[in-house]
Each structure stands twice: as structure tokens, then as C-alpha cells.
Trainee: 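Okay, here's the structure, questions in a sec.
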Amino acid sequence: MTNQEVARLLRNVAAAYSIKDEKKHIFQIIAYQKAADAIYNLPHELKDVLRERTQEKIPGVGPSILSHLEELFAKGRVKHFEEIMKGIPPSVFPLLKVTTLGPKKAYKLTSHLKLNNPDTIVDDLIIAAQKNKIAGIPTFGEKSQADILRALEEYKLGKIKANRMPLPYAFELARKTEEYLRKSKFAEQVFPLGSLRRMMATVGDIDFAVATKQPKEIINHFINYPGTERVIEKGEASSSILVSGGRQVDLMVQDPDSFGSLLQHFTGSKYHNVALREFALKKGMSLSEYGVKVRIGKKQELKKFKTEKDFYQFLGLDWIIPEMRENKGEIELAIKHNLPKIVELKDIRGDLHIHSSYPIEPSHDLGKDTMQQMLGKSRSLGYDYIAFSEHNPGITNHSKNQIYSILAKRSEYIEQLKESNKGIRIINLLEVDILPSGELAMDDKSLDYVEAAIVSVHSVFSTPRQKMTKRVLRGLSNPKAKILAHPSGRLINQREEYELDWDEIFDFALKHNKAIEINAWPTRLDLTDTLVDQARKMGVKFVIDTDSHASYQMDNMFYGVSVARRGWCTKKDILNTLPYEQFYKWLTG
DNA sequence: GCCGTTTTCGGCCCGACTGTTTTCAGTCG
């Protein structure tokens with residue numbers, strides 16, 4: 001069972017509790033939901049954590065739930081869960097994934113209509129709605145019947161929250177919406193918030209906050225956004241629309257005097273906010289998007305904040321960068337004024353993973369721009385150094401001597417470039433395939449023509465974990481191999497990551513002074529933030545690269561840095577923040 | 001059911017929006 005499946009099961013238990021008696025079980029419900037969240041976000045497979053009996057406990061999972069989980073993995077079922085779920089049609093649970101349906105509505109629908117088959121429930125319910133059978137159920141009416149029907153149809157079309165888009169795409173969508181919102185003369189400030197501001201690798205909804213004295217005007221302007229497919233909600237303080245492509249955009253508006261509180265609230269994350277509110281509560285304060293309620297004598301007074309910094313400071317905390325707001329210890333550090341200084345885009349001094357159009361006759365795709373064009377771009381970015389790292393020449397269509405000759409010519413060409421471009425240091429790298437055997441696609445003589453190698457997996461992805469780990473480590477063990485590129489192999493929404501024993505990979509990297517790449521390609525963004533965090537804690541070093549195949553793509557560095565920031569990296573964790581001499585010493589050492 | 005910078009007992013985040021049951025339940029972020 002995967003972590004996601006376990007989390008789903010725990011959420012179902014919580015749903016069953018709330019169907020049976022929400023008031024009576026309210027705290028169990030919260031506990032099960034918290035445990036589900038914790039397991040969903042766990043960096044390791046729960047199965048492994050339980051087996052290895054690591055003493056590191058999972059926050060939110062106490063002795064009771066832990067024993068249930070052990071029973072789950074030992075026997076495949078949990079007696080206690082079965083008892084809680086007894087009497088609830090199994091068809092309730094698939095419905096929980098449909099928006100606007102929660103446990104109560106799902107239960108009312110399935111039990112009134114006597115629809116018990118979990119495999120067909122969505123279609124069964126669509127038919128029931130079409131036959132006008134939902135409107136007659138107590139607490140449901142014509143409007144809710146129509147809403148449920150649409151929600152079910154959208155669910156079938158795959159317009160579910162789980163479908164998140166890669167961060168750079170979300171940025172583009174947000175940019176358009178932001179431009180539109182700024183057109184209103186009543187918008188004093190416009191900010192994209194939520195997971196976008198926290199720079200998560202994938203984004204679901206796009207969130208916006210607007211500071212205004214005229215909330216009604218702004219909300220009316222918002223729902224008239226040209227891309228609007230449907231208005232989901234429209235109130236006095238907030239509104240949501242569905243834009244073309246099935247993306248949801250949420251808006252919250254507020255008076256400029258309280259805008260700092262709204263920024264904080266709407267940036268999240270939910271876990272950060274909940275933890276922050278629990279902390280404030282202990283100090284007798286209550287937090288919301290309007291400000292901080294403080295008890296003065298018998299009266300409650302609302303303190304307002306124009307900026308986020310003021311808000312955090314009032315609570316006694318340092319301002320926390322959005323990327324860290326996930327309740328992973330940042331609140332405690334902010335209280336102690338001990339937050340780390342996180343790496344920034346301006347700290348980056350070079351890009352090492354660049355595919356030019358040099359005719360290397362590669363195993364995979366060639367870049368579109370010449371080395372000269374790429375150099376021009378890196379100059380405009382203010383870099384001190386860049387490395388060219390095209391894919392190795394194809395090994396099926398070239399003899400060894402042909403490969404030597406191609407690499408020799410390329411090396412000569414790069415040497416000439418070095419001579420004529422004194423302002424920026426150029427490094428001769430190569431991206432070399434790690435073959436299924438673990439051997440590198442280039443032999444040692446080929447590697448003599450480059451200063452170091454980036455190694456990566458580009459084929460046979462579905463390999464068992466132990467075998468894949470061995471393969472990668474063998475490739476990485478070549479003395480010339482210094483960087484493991486896009487280490488998980490995932491392509492967001494296209495291809496799952498392959499399986500690796502990360503502890504072993506990180507151990508090896510640490511011992512042998514290899515760097516793990518954080519790849520800034522929009523659909524890669526891997527190593528992922530949680531693994532970055534894990535590796536960083538062990539002392540592993542990273543490089544952040546764009547993997548550019550055209551010069552404009554070198555701007556993607558921003559997204560790679562955001563992954564490092566979410567993994568709490570400081571400058572010293574990222575090797576390409578080093579000055580050239582130090583960096584080169586590591587690379588060739 | 002979980003947890004501890006008041007606590008191993010007694011608490012547990014806060015508010016918006018919608019439809020329907022004209023005062024609230026359900027869902028969402």
C-alpha cells in the first residue's frame with residue numbers, strides 16, 4: 001500500500017466518523033485527518049518506516065493510529081476501521097473525491113437512493129440526477145441537484161483537484177490574470193499567493209489577493225475576466241472562477257490597512273497557518289485574515305497589519321520566506337530569531353547543464369542555439385562561468401574512433417571559445433548516459449576530452465529499486481562523473497519517477513564528493529524539495545542547472561532555485577554559488 | 001486521538017460562501 005492509499009484510508013475513517021456522529025467524534029476526526037496529511041507528505045514509504053522501526057515518530061500519528069497501521073500492514077485489514085465503517089455504503093468513499101461532496105452529502109445521497117456499488121456510483125448518481133431523483137431528498141433542491149450533476153461530470157472529465165500544473169505554467173497563467181486585475185483602478189495592490197507564492201513544484205488553484213477600498217468593484221471586475229468559463233462563488237470578500245482549461249482562480253479582497261494579514265493568510269500553507277494559530281492561541285491571541293484579535297480587559301481588539309512583516313513581528317516571529325511555510329520547524333526557528341539565510345537567485349554564478357546546437361551527433365536531443373548565443377545569454381545573466389554539456393554522441397551509430405574524433409573536435413572548438421571569451425569562464429562538460437548495466441555510455445578515453453561529466457538515466461526506467469540504485473551508483477562512481485542530473489527522472493504529469501534508495505544515493509554522494517543536480521526544467525524540478533531537504537540535512541551538496549536547450553530557457557534558473565529554497569538550502573549547500581576557482585577545484589578534484 | 005515554551009489532562013484554527021431547513025449545515029481553503 002502506498003502512502004497515498006494509506007492516507008486515503010485514514011481520511012475515509014474520518015469521513016465514517018463524521019457520518020456516524022460528528023459532534024461526538026470531532027477530535028478523532030481531526031486526528032485522523034492530521035495523520036492522513038502527515039502520511040501523505042511523508043518522504044519515505046510508510047511500509048519501510050514501519051518495518052525499519054525507525055524511532056523517528058511521525059507527527060500526528062500517535063500510539064493508537066500507529067498500532068492500527070501496523071495491523072494494516074501485517075494483516076491487510078484493520079478491525080477497528082471496519083467497525084467504524086460498518087453500516088456505511090462503500091459507495092460513499094469514491095464520492096469524497098468529487099468537489100462539493102463531503103461525507104454527509106455523499107451518505108445522504110447513497111443511502112436515500114440505495115446506491116451501494118462503489119465502482120459505478122458516479123454514473124449511477126449522474127443517472128439519478130438526470131431523472132430528477134436528487135431534488136426530492138430532504139435538504140437537497142433543484143439547484144443542488146444541478147450543482148451535483150455538474151460536479152460529477154467535471155469529475156469524470158478529470159477536472160479534479162489532484163491535477164496540478166507545473167509551477168512555470170502556473171506562473172504564466174497567473175501573469176495574465178494579474179495583468180487583468182491590475183487594469184481596475186480600484187486595485188491598489190495585486191499579489192498571486194497560495195502554493196504559487198510558496199513556489200511549490202506543482203500548483204492546483206491560482207490564488208490572488210487584492211488590496212482595495214472598493215471590494216464590490218474588484219469582485220465584479222474579476223468575474224468578468226475574459227477567460228472565465230463559470231463563476232463558482234461570488235461573495236463580498238472572496239470569489240472563485242473556473243477559467244478555460246478547467247483551472248480554478250480564487251480571489252480574496254481586503255482593505256489596504258489589513259492587507260498584511262490577508263497576504264499571510266492566503267499564502268498558507270494550511271499547515272503553517274494552523275500551527276501559527278495554535279501558537280497564537282497559547283498567547284491569548286486569535287489570528288485570521290483580518291488581523292490578530294487580542295483580549296484587552298474584557299474587550300477584544302482587532303490589530304490590523306499593512307505588511308506581512310508587521311504581522312509576524314507582532315507575534316514575536318521573524319518574517320518567514322513563503323517557500324518555508326509548511327510547518328516543518330520554521331515557526332520555532334522564527335520565534336528564536338534563528339531562521340537560516342536561504343539561497344537566492346542572485347547567488348548563482350554559473351549554469352552547468354546546457355545543450356548547445358554544436359553538432360555532436362548526440363544520443364538524444366540537441367540544443368537550438370549556438371554556444372556563442374548561449375554565452376551571450378549567460379553574460380546578460382551576470383554569470384561568472386557556464387558549462388556546455390550536450391548529450392554524448394550516439395553509441396549505436398558511431399564507432400569508438402568516430403566518437404573520439406567528434407569529442408576531440410568539440411574540445412578544440414571549446415578551447416578556442418575560451419580564448420576569445422575571457423570575460424566568462426567556460427567549462428567543457430558532457431551529459432553522459434548511465435546505461436542499464438550501470439556502465440557509462442562513454443569510455444574513459446572519450447572522457448579524456450572533457451573536464452568532467454554529468455551523468456544521468458535516459459532509458460529503461462522501470463527497473464526494481466535495488467537494481468536501479470546499483471546502476472546509478474556504478475555510473476556515478478567513475479572519477480570523471482561529478483554530477484547526477486535530474487536524479488529522479490520524473491516528468492510532471494507525464495512520467496513517474498523511477499525507484500531509488502535515496503539514503504544510499506545520498507550516502508554515496510557525500511562520501512565521494514559528488515553533487516546532486518536540482519534540475520530547473522519546468523516539468524522536471526527534481527530532485528524534489530522534500531528529498532533536497534533530506535539530502536541537505538545529511539550534508540550532500542547540490543548544483544542547480546537549467547538543462548537549457550535554447551538560450552531563453554536559461555531564465556528557468558529561478559524555478560530551480562525555488563526548489564532549493566523549499567528544501568531550506570543556504571548558499572553553502574549549492575556548489576554553483578562558489579567563485580569559479582573554488583568551483584573548478586571541486587569539479588576536477 | 002494527539003500533544004506539551006501554561007498542561008501527562010484538557011484542550012484542539014478561523015472564516016467565507018451556498019443552498020435551503022429563514023438560522024444553519026455542509027464544504028472549502
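All heavy atoms count here, side chains included; hydrogens, waters and symmetry mates do not. Per chain, numbering begins at 1; letters A, B, ... match sequence-line order.
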Trainee: Less than 6.0 Å separating the ring centroids of F171(A) and F558(A)?
Mentor: yes

Trainee: Give the rounded distance in Å between these two atoms: NZ of K234(A) and P of dT18(B).
Mentor: 9 Å

Trainee: Would you tell me if any nitrogen or oxygen in the side chain of S238(A) comes within less than 4.0 Å of OP1 or OP2 on dG29(B)?
Mentor: no

Trainee: Would you please confirm or rule out a distance under 4.0 Å between OP1 or OP2 of dG15(B) and any side-chain N or O of K293(A)?
Mentor: yes

Trainee: How long is the line joining CG of L193(A) and C1' of dG29(B), in whole Å?
Mentor: 13 Å

Trainee: Which sits closer to the 5' end of DNA chain B, A31(A) or E289(A), going by the nucleotide each is nearest to?
Mentor: A31(A)

Trainee: What is the separation between atom CE on M285(A) and atom P on dC14(B), rounded to the nearest whole Å?
Mentor: 12 Å

Trainee: Which residues within residues 71-93 of chain A lie with some heavy atom under 4.0 Å of an atom in DNA chain B?
Mentor: H80(A)

Trainee: Under 4.0 Å, heavy atom to any atom of DNA chain B: which of residues 268-284 of chain A qualify?
Mentor: V274(A), R277(A), E278(A), L281(A), K282(A)

Trainee: What nucleotide, of dC14(B), dC2(B), dC17(B), holds the atom closest to the side chain of E233(A)?
Mentor: dC17(B)

Trainee: Any idea which of dG19(B), dT27(B), dC28(B) is nearest the D147(A) side chain?
Mentor: dG19(B)

Trainee: Suppose we call two aromatic rings close when their centres sit under 6.0 Å apart. Are F191(A) and F208(A) close by that rule?
Mentor: no

Trainee: With a 4.0 Å cutoff (strictly under), does any side-chain N or O of T139(A) reach OP1 or OP2 of dT20(B)?
Mentor: no

Trainee: Can we call the ring centroids of Y180(A) and H221(A) under 6.0 Å apart?
Mentor: yes

Trainee: According to the Watson-Crick and G-U wobble definitions, with both distances under 3.5 Å, which nucleotide is paired to dT8(B)?
Mentor: none

Trainee: Charged N to carboxylate O under 4.0 angstrom, D37(A) versus K34(A)?
Mentor: no

Trainee: Should F27(A) be counted as stacked on dC12(B), where stacking needs a ring-centre gap under 5.5 Å and an angle between planes under 30 degrees?
Mentor: yes

Trainee: Can you tell me which nucleotide in dT27(B), dC3(B), dG29(B) comes closest to the side chain of K57(A)?
Mentor: dC3(B)

Trainee: Give a yes/no answer on whether the side chain of S288(A) brings an N or O atom under 4.0 Å of OP1 or OP2 in dC14(B).
Mentor: no

Trainee: Please determine if a side-chain N or O atom of Y290(A) lies less than 4.0 Å away from the OP1 or OP2 oxygen of dA16(B).
Mentor: yes

Trainee: Is any side-chain heavy atom of R277(A) closer than 4.5 Å to a side-chain heavy atom of M285(A)?
Mentor: no

Trainee: Strictly below 4.0 Å, N to O, side chains only: are D310(A) and K306(A) in salt-bridge contact?
Mentor: no

Trainee: Taking atom OH of Y40(A) as the centre, does the number of heavy atoms from other residues, nucleotides or ligands within less than 6.0 Å exceed 12?
Mentor: no

Trainee: For the side chain of Y17(A), counting heavy atoms from C-beta on, which of dG29(B), dT20(B), dG1(B) is nearest?
Mentor: dG1(B)

Trainee: Hey, does E496(A) have a side-chain heavy atom less than 4.5 Å from the side chain of R490(A)?
Mentor: no

Trainee: Start with the C-alpha distance between R164(A) and S195(A), add both sets of side-chain angles, then the distance that settles side chain to side chain contact (heavy atoms under 4.5 Å, CB included), and finish with yes or no.
Mentor: CA-CA 11 Å; R164(A) 300 170 65 89; S195(A) 52; 3.8 Å; yes

Trainee: How about K293(A) and E301(A): do any of their side-chain heavy atoms sit closer than 4.5 Å?
Mentor: no

